[in-house]
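All values below were derived from every heavy atom in this structure, side-chain atoms included, with hydrogens, water molecules and symmetry-related copies excluded.
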Amino acid sequence: MKLTSIYNFIKTQLETIEDFNLITWWNGQEADNIIHTVPAVYIEFPDTLTTVQKSNLRMQQTELTVRVMLVNKLLTNNAGEVDDNIIATHEEQAMQIFEACSKLKSLIRSFPSGVIFW
């Protein structure tokens, strides 16, 4: 199953939120200490997918879980505290992602049996 079209669809929806400097595939960037501009949004798909061939419908069916991660950095002041405005900004960005993902989930559920044709 090709995930590029699904990735592009999700990315397009998230691009409506103008706060992010980067929206890209997740492939372990933070674990590999690769530094990107922040705030960044990573879209992660499972490494393997189990598909079931529907013989009478000439299609494949799979359950797909997608993770959307917001990565940012917090800077502390001299006292080691994080400014409340910075925390509020991070919470707002996280809520924007949550709302965008909720809309995507509703859109997918609007298809019969959650079927999407790509």
- request: Applying side chain to side chain contact (heavy atoms under 4.5 Å, CB included), run through Thr89 and Ile86 and close with a yes or a no.
  value: CA-CA 5 Å; Thr89 299; Ile86 294 173; 5.7 Å; no
- prompt: When rounded to the nearest 0.5 angstrom, what is the spacing between CD1 in Ile23 and CD in Gln13?
  reply: 10.5 Å
query: In Å, rounded to the nearest 0.5 Å, how long is the span from CD1 of Ile6 to NZ of Lys11?
result: 16.0 Å
field: Minimum heavy-atom distance Gln96-Ile17, with the two atoms named
entry: OE1-CG2, 3.1 Å
task: Mind telling me whether Tyr7 and Phe45 have parallel, tilted or perpendicular rings, with 30° and 60° as the class edges?
output: perpendicular
message: Quick one, Leu14 with Phe20, criterion side chain to side chain contact (heavy atoms under 4.5 Å, CB included). Give me CA distance, side-chain angles, the key distance, then yes/no.
response: CA-CA 9 Å; Leu14 292 174; Phe20 308 119; 5.6 Å; no
task: Please report the C-alpha distance between Ile43 and Val66 in whole Å, then the side-chain angles of each, then the deciding distance to 0.1 Å, and finally whether the side chain to side chain contact (heavy atoms under 4.5 Å, CB included) criterion is met.
output: CA-CA 7 Å; Ile43 302 169; Val66 178; 3.8 Å; yes
Derivation and outcome, side chain to side chain contact (heavy atoms under 4.5 Å, CB included), residues Asp83 and Ile87: CA-CA 7 Å; Asp83 184 83; Ile87 294 172; over 6 Å; no
message: Applying side chain to side chain contact (heavy atoms under 4.5 Å, CB included), can you list everything that pairs with Phe98, at least two apart in sequence or on another chain?
response: Met95, Ser102
query: Say you draw a straight line from CD of Glu99 to OG1 of Thr16; how long is it, rounded to the nearest 0.5 Å?
result: 10.5 Å
task: Using a 4.5 Å cut-off on heavy atoms from C-beta on, say whether the side chain of Met69 contacts that of Val41.
output: no
